[in-house]
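Computed from heavy atoms alone, side chains included, the values below leave out hydrogens, waters and symmetry copies.
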Amino acid sequence: MNMSAIITAVIVIGVIGLFIGLFLGISALKLKVETDPREEEVVSALPGNNCGGCGFAGCSALASAIVKGEAPANACPVGGEAVAKKIAEIMGVDAGSSKRMVAFVKCAGDCEKASSDYNYQGLEDCRMLSFVPNGGPKSCNYGCLGYGSCVKECPFDAISVVNGVAVVDKEKCKACGKCIAVCPKNLIEMVPYEAEVLVACSSNEKGPVVMKECAVGCIGCGLCKKNCPQEAIDVTDFLAKIDYEKCTNCGTCMEKCPKKSIVNRKTL
């Protein structure tokens with residue numbers, strides 16, 4: 001092989017490599033996107049779960065939005081007040097008021113208390129039961145199906161299925177909202193961490209129908225509303241609802257409820 005040809009080839013390859021390197025280097029400088037140094041600080045302050053509970057794709061996306069002023073310092077539901085204060089300090093703003101929220105499953109119709117129309121044997125995924133008769137075996141179309149789609153979705157291991165009903169451990173819950181999004185019955189809502197007295201029912205059926213379907217279903221009788229000393233309860237569409245801003249957890253409504261649809265979270 002001609003030695004001069006080899007040397008020429010090596011030189012050509014070297015020149016091409018040098019050109020490509022210079023081109024990439026210059027392009028990197030010209031196309032470089034300047035980032036606010038505070039963004040990295042905010043990312044470090046965030047818990048790093050990337051759960052999406054804040055409404056953004058992950059912690060990095062949230063940090064970018066906070067620095068740009070597109071999200072408040074207390075936008076992370078997982079970090080809570082402690083993280084909000086750190087981020088507010090980084091951004092030089094007021095952290096704002098943030099109340100700790102936790103998920104609650106509005107159903108107490110377990111295997112003993114809720115009636116069933118048939119025995120179901122199949123894929124254990126609540127979302128798939130919309131394709132089976134009556135949307136699932138339970139007679140109550142509003143009741144928890146108990147097949148744990150929320151359990152599988154929760155990144156904090158805060159939910160378990162107890163006797164056919166999903167139950168949230170409020171000490172583990174970080175209010176990311178993933179369980180709410182995955183529940184096909186829309187049974188899960190965010191409530192204040194301090195809330196102890198809760199309506200464990202979601203049915204909007206009239207009383208006679210509810211009594212046939214579930215022993216602890218709300219029948220919309222209104223006794224809770226009439227007896228609440230704080231006027232914190234209303235009954236809409238045959239279902240009691242508590243205003244947590246007014247509720248003092250006195251438990252009067254729970255005592256007066258004839259169906260025991262209102263429960264103390266400590267007993268769950």
Participant: So does Glu112 get a backbone contact from the side chain of Asp110, meaning a donor-acceptor N/O pair under 3.5 Å?
Facilitator: yes
Participant: Pick out which of Ile159, Val105, Leu187, Val151 makes a side-chain contact (heavy atoms from CB on, under 4.5 Å) with Cys179.
Facilitator: Ile159
Participant: Would you check if Val168 and Arg265 make a side-chain contact, meaning some heavy-atom pair closer than 4.5 Å?
Facilitator: yes
Participant: Quick one: CD1 on Ile180 to CG on Asn186, what's the gap to the nearest 0.5 Å?
Facilitator: 9.5 Å
Participant: Restricting to salt bridge (Lys or Arg N to Asp or Glu O under 4.0 Å), what partner residues turn up for Glu40, sequence neighbours left out?
Facilitator: none
Participant: Around Lys152, counting heavy atoms of other residues, nucleotides and ligands shown, do more than 12 lie under 6.0 Å from its NZ?
Facilitator: yes
Participant: Could you list who else is in Phe131's hydrophobic cluster, with ILVMFWY side chains joined at under 4.5 Å, directly or through other members?
Facilitator: Tyr118, Tyr120, Leu123, Met128, Leu129, Val132, Leu145, Tyr147
Participant: So how far is it from Glu153 CD to Ile188 CD1, rounded to the nearest 0.5 Å?
Facilitator: 10.5 Å
Participant: Is a donor on one side and an acceptor on the other found under 3.5 Å between the side chain of Ser149 and the backbone of Cys126?
Facilitator: yes
Participant: Indicate yes or no for a side-chain donor-acceptor contact from Lys170 to the backbone of Tyr193 under 3.5 Å, with no hydrogens or angles considered.
Facilitator: yes
Participant: Looking only at non-hydrogen atoms, find the nearest pair between Lys138 and Cys144 and report the distance.
Facilitator: NZ-O, 2.6 Å
Participant: So, are Glu245 and Lys99 salt-bridged, with charged N and O less than 4.0 Å apart?
Facilitator: yes
Participant: Side chains of Ile233 and Lys241: closer than 4.5 Å at any heavy-atom pair?
Facilitator: no
Participant: Which heavy atom of Ala63 sits nearest to which heavy atom of Val43, and what is that distance?
Facilitator: CB-CG2, 3.4 Å
Participant: Let's go through Ser160 and Val162 carefully: what are the C-alpha distance in whole Å and the side-chain angles of both, what is the deciding distance for side-chain contact (heavy atoms from CB on, under 4.5 Å) to 0.1 Å, and is it a yes or a no?
Facilitator: CA-CA 6 Å; Ser160 57; Val162 180; 3.9 Å; yes
Participant: Around Glu171, counting heavy atoms of other residues, nucleotides and ligands shown, do more than 12 lie under 6.0 Å from its CD?
Facilitator: yes
Participant: Look at Asp234 together with Lys225 and state whether they make a salt bridge at an N to O cut-off of under 4.0 Å.
Facilitator: yes
Participant: So, the side chain of Ser139 versus the backbone of Glu213: is there a donor-acceptor pair under 3.5 Å, distance only?
Facilitator: no
Participant: Hey, is CD on Glu89 packed in by over 12 heavy atoms from elsewhere, all under 6.0 Å?
Facilitator: no
Participant: Output yes when a side-chain donor or acceptor of Asn227 lies under 3.5 Å from a complementary backbone atom of Cys253, and no otherwise.
Facilitator: no
Participant: Is a side-chain donor or acceptor of Asn249 paired with a backbone partner of Val197 at a separation under 3.5 angstrom?
Facilitator: yes
Participant: What pairs with Lys246 under salt bridge (Lys or Arg N to Asp or Glu O under 4.0 Å), at least two apart in sequence or on another chain?
Facilitator: none
Participant: List the residues meeting side chain to side chain donor-acceptor pair (under 3.5 Å) with Asp243, not counting sequence neighbours, and say none if there are none.
Facilitator: none
Participant: Do you know which two heavy atoms are closest between Cys201 and Cys218, and how far apart they sit?
Facilitator: SG-N, 3.3 Å
Participant: Quick one: pull up SG in Cys150 and CZ in Arg127 and give me the separation to the nearest 0.5 Å.
Facilitator: 10.0 Å
Participant: Would you say Lys174's side chain and Pro77's backbone share a donor-acceptor pair under 3.5 angstrom?
Facilitator: no
Participant: Is a side-chain N or O of Asn49 found less than 3.5 angstrom from the main chain of Cys51, in a donor-acceptor match?
Facilitator: no
Participant: For Ile219, what are the other residues in its hydrophobic cluster, where any two members join if their side-chain heavy atoms are less than 4.5 angstrom apart?
Facilitator: Val210, Met211
Participant: My understanding is that only residues two or more places apart in sequence, or in another chain, count here; which of them pass salt bridge (Lys or Arg N to Asp or Glu O under 4.0 Å) with Lys259?
Facilitator: none
Participant: Give the minimum heavy-atom separation between Arg100 and Cys173, together with the two atoms involved.
Facilitator: NH2-O, 3.6 Å
Participant: Whether the side chain of Thr252 engages the backbone of Cys228 through a donor-acceptor N/O pair (distance < 3.5 Å, no angle test) should be reported.
Facilitator: no
Participant: Taking atom CG of Leu198 and atom CD1 of Ile262, what is their separation to the nearest 0.5 Å?
Facilitator: 9.5 Å
Participant: Let me confirm one number: the OH-OG distance from Tyr142 to Ser202, rounded to the nearest 0.5 Å.
Facilitator: 9.5 Å
Participant: Could you tell me which non-hydrogen atom of Gly146 sits nearest to which non-hydrogen atom of Val161, and how far apart they are?
Facilitator: O-CG1, 3.5 Å
Participant: Within a strict 4.5 Å, meaning less than it, do heavy atoms of the Lys106 and Val199 side chains meet?
Facilitator: no
Participant: Dump the intermediate steps for side-chain hydrogen bond (donor to acceptor under 3.5 Å, both in side chains) on Glu81 and Asn74, then the final yes or no.
Facilitator: CA-CA 7 Å; Glu81 188 175 356; Asn74 60 359; over 6 Å; no
Participant: For Leu62 and Ala71, work out which heavy atoms get closest and say how close.
Facilitator: CD1-CB, 4.0 Å
Participant: Indicate if Ile242 and Phe104 have the same hydrophobic cluster label, given that clusters are the connected sets of ILVMFWY residues with side-chain heavy-atom separations under 4.5 angstrom.
Facilitator: yes
Participant: Would you say the side chain of Val78 lies within less than 4.5 Å of the side chain of Phe156, judging by non-hydrogen atoms?
Facilitator: yes
Participant: What verdict does the side-chain contact (heavy atoms from CB on, under 4.5 Å) test give for Met91 and Val67, after you've listed the backbone C-alpha separation in whole Å, the side-chain angles of each residue and the deciding distance to 0.1 Å?
Facilitator: CA-CA 7 Å; Met91 298 301 299; Val67 170; 4.2 Å; yes
Participant: How many angstroms lie between atom CD1 of Ile66 and atom CD1 of Ile87, to the nearest 0.5 angstrom?
Facilitator: 4.0 Å
Participant: Under the side-chain contact (heavy atoms from CB on, under 4.5 Å) criterion, do Lys256 and Cys224 qualify, and how do the steps go?
Facilitator: CA-CA 6 Å; Lys256 297 295 182 180; Cys224 53; 5.8 Å; no
Participant: Might you confirm whether atom NZ of Lys86 has over 12 heavy atoms from other residues, nucleotides or ligands at distances under 6.0 Å?
Facilitator: no
